[in-house]
*Asks:* 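This is the structure I have questions about; it appears just below.
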2 protein chains.
Amino acid sequence: MDPRPTTSSAEHDIAADLVAVLVAVTSGDPRVLTIQDQRALPSGPFELAHRSLQSGLRAWVERQTRLPLGYVEQLYTFADRDRADATGKHVISISYLGLTREQPALGEHEARWRCWYDYFPWEDHRAGPPPLIEQALRPGLRAWIAAASDRAAQRGRRQRAAMLFGLEDHAWNEELVLQRYELLYEAKLIPEAHRGNSQAFELGDTVRPAAPGKPMMLDHRRILATGIARLRAKIKYHPVVFELMPDTFTLLQLQRCVEALAGRQVHKPNFRRLIEQQELVEETGETSQEAGGRPAKLFRFRRTVLAERAISGTKLPISGA
Amino acid sequence: MDPRPTTSSAEHDIAADLVAVLVAVTSGDPRVLTIQDQRALPSGPFELAHRSLQSGLRAWVERQTRLPLGYVEQLYTFADRDRADATGKHVISISYLGLTREQPALGEHEARWRCWYDYFPWEDHRAGPPPLIEQALRPGLRAWIAAASDRAAQRGRRQRAAMLFGLEDHAWNEELVLQRYELLYEAKLIPEAHRGNSQAFELGDTVRPAAPGKPMMLDHRRILATGIARLRAKIKYHPVVFELMPDTFTLLQLQRCVEALAGRQVHKPNFRRLIEQQELVEETGETSQEAGGRPAKLFRFRRTVLAERAISGTKLPISGA
DNA sequence: ATCACTTATACTCCTAGAGAGCATAAGTTA
DNA sequence: TAACTTATGCTCTCTAGGAGTATAAGTGAT
């Protein structure tokens, strides 16, 4: 073990990049900020001027996009060899999840909001399991299963696919976004898997039809998957949804927001019961009748709960897991 | 937004360090591997030869300590300005949690296993709330509360302290390890808070008596807190405990291991019920009578559950939260 | 041999919370 | 006025999880 803080000669120069998964929910769609023809996540260099990584990200995002970043959380740090840049220098990417409200009309650097289900169409189960799993994914998965070396390996692959994609009466678990992406990647059903690493085409690896869903540069789609998974897990025990809501909202709007993120429907009475009995919100006294039915009460998030409670003590009724 | 992958001129040279929180549980104590007179966590440079960060850490740890690393998980990436090394170069620290079984007699670089409660004595509630919270912590906390600018701020501080340390009929939540450390740090009850940043002694900041617990170099104690918190959260829904157990074990040994990590007692009948009804273990047919009572059946972890189940579907009876 | 003690293991009871369904209220639009 | 939409309240049921109790099967001391 190398005793700190003597600077070892083995240390090499490395560049650090910040990559952001910026999420907003607009009119019932979970959206993510993209650049470069919607094929990349916004990223920028980590500069010496920044006090810390988190403040570096905040400063950079708010300067570039003028978005007020409500909630920021570190996701994961990558440093794969493929990511070395033109000079051969190692690039470390530190990815962050950021939540914000609504989208202003930002137009710089062709930044665009895009529904995240465009990149992961199999993740949207709000109207039940999407048919595209059976139609577009299953054949490729079958081919991957059959391509395993022996019977035991085939059984393992089948079991893993069934568990992750909710096949053969496995229940759908919306949190396993990253694992599903990694399986599809491993099964060469993701276009990104064919780039860079040319060893991928050895042996009996036939090129299988790509899974639906828009690809991204480098490993940005994996980073996005990480962000979605983290957010889906987080909303169950931490009141972060409110960072995505306007100041006042109806309970149905809140529910739609949660459903958009979780990618599954929520039982309406239970949802209201949970929100209200936890006293996460308070009435504003006003009502909204945007939706042509009985006017709904408007609510506002009780920010004080963040101080009152142990921060891990809130729950949303998403069965899953 | 800066379109990748053009290398921006604003990128500066940075060194990347890997820091490991290596955990083992021996004879009922949760231990962590330390170096430098038990004042630092093992760390090493990230080298170009490594395929990825994770494999870099694995290779380096296994080479230096000859420990078989069962489970590895990334914790957090730090890059605070204080961490700049002698040359003024930014140092990014990527911290990892690693689980291993037992300790061999490794003696290199004065590496030693040490009980993690030596660094966080207030975290051990296995025999009820430790008296040292009332005796050694409470006075300092009171002083910090009283030092707030106005009544509202005082109330906020009191509430936060009560929530985190289980005072004033708040329940103890064993997962909030990091938040507790950060509060003590902020309250200047942690010796590490007095180093480096000399601005800390402005205004009415009196030097309060330090909290008990062995300090560490740099922010290593914070990293350790992060690791403990992550592990305490993880054992509740993922069967990682078994990475810390020998091949065969009794249910009581397993329970003691969980209790050591969680820092609280567990209801024995409920624990056994949960473990058995989830079919996490299988009998070996043998029995153990190390403990001078009725011989206990020996069990073994059913590794297949990792494939069978969605990995998030296991639970341990730790009320908390 | 008996007793005290330790540990293992099996049951029962209770309650809070989550899932699901139904009923009613109060608006809108055709 | 009817049909439809959305809001809101209530009930029922099931189960997981928390807590307590009882019995079994060993050890070591008197």
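These numbers come from a predicted model, not from an experiment. Chain letters run A, B, ... following the sequence lines, proteins first, then strands; residues in each count from 1. In what follows, every heavy atom counts, from backbone to side chain, and hydrogens, waters and symmetry copies are set aside.
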*Asks:* May I have the distance from A:His267 (atom NE2) to D:dC10 (atom C1'), rounded to whole angstrom?
*Replies:*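 My rounded result for the distance is 11 Å.
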*Asks:* Pull out every protein N or O sitting under 3.5 Å from an N or O of nucleotides 5-8 of chain C, one pair per line with the distance.
*Replies:*
residue, atom, partner, partner atom, Å
C:dA8, N3, B:Arg294, NH1, 3.4

*Asks:* In whole angstroms, how far is the P atom of D:dA7 from the CD1 atom of A:Ile275?
*Replies:*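 Atom CD1 in A:Ile275 sits about 14 Å away from atom P in D:dA7.
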*Asks:* State which residues pass side chain to side chain donor-acceptor pair (under 3.5 Å) with A:Tyr96; sequence neighbours excluded, sorted by chain then number.
*Replies:*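 For A:Tyr96 the side chain to side chain donor-acceptor pair (under 3.5 Å) partners, ignoring immediate neighbours, are A:Gln74.
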*Asks:* Donor-acceptor pair, distance only, cut-off 3.5 Å: does the side chain of A:Arg232 make one with the backbone of A:Leu261?
*Replies:*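 Indeed, once roles are kept as given, a pair shorter than 3.5 Å links the two residues.
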*Asks:* Start at the 5' end of DNA chain C and walk down; is the nucleotide closest to B:Arg273 or to B:Phe299 reached first?
*Replies:*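 Residue closer to the 5' terminus by nearest nucleotide: B:Phe299.
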*Asks:* Separation of A:Gln277 atom CD from D:dC10 atom C1', in whole Å?
*Replies:*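 One finds 14 Å between C1' of D:dC10 and CD of A:Gln277, rounded.
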*Asks:* In whole Å, what is the span from the CD atom of B:Gln255 to the C1' atom of C:dT9?
*Replies:*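 The answer, rounded to whole Å, is 13 Å.
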*Asks:* What is the distance, rounded to the nearest whole Å, between atom CG of B:Leu274 and atom P of C:dT9?
*Replies:*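 In whole Å, C:dT9 P and B:Leu274 CG are 17 Å from each other.
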*Asks:* Rounded to the nearest angstrom, tell me the gap between atom CG in A:Leu254 and atom P in D:dT8.
*Replies:*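 In whole Å, D:dT8 P lies 13 Å from A:Leu254 CG.
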*Asks:* Tell me every residue that passes side chain to side chain donor-acceptor pair (under 3.5 Å) with A:Arg114, counting only those two or more places apart in sequence or in another chain.
*Replies:*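 Checked A:Arg114 against side chain to side chain donor-acceptor pair (under 3.5 Å); matches are A:Gln38, A:Asp118.
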*Asks:* Quick one: list whatever passes ring pair (Phe, Tyr, Trp, His ring centres under 6.0 Å) with B:Tyr76, sequence neighbours left out.
*Replies:*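 Checked B:Tyr76 against ring pair (Phe, Tyr, Trp, His ring centres under 6.0 Å); matches are B:Phe78.
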*Asks:* Could you list the residues that satisfy side chain to side chain donor-acceptor pair (under 3.5 Å) with A:Lys268, not counting sequence neighbours?
*Replies:*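 None.
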*Asks:* Go through the structure and list residues passing side chain to side chain contact (heavy atoms under 4.5 Å, CB included) with A:Gln159, not counting sequence neighbours.
*Replies:*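 A:Gln159 satisfies side chain to side chain contact (heavy atoms under 4.5 Å, CB included) with A:Arg155, B:Ala307, B:Glu308 only.
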*Asks:* Taking CZ from A:Phe249 and P from D:dA7, how many angstroms apart are they, rounded to a whole number?
*Replies:*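 Going from CZ in A:Phe249 over to P in D:dA7 covers 14 Å.
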*Asks:* Taking atom types as they are modelled, is there a donor-acceptor pair under 3.5 Å from the base of C:dG19 to the side chain of A:Asn270?
*Replies:*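 Between C:dG19 and A:Asn270, which were checked side chain against base, a qualifying N/O pair under 3.5 Å is present.
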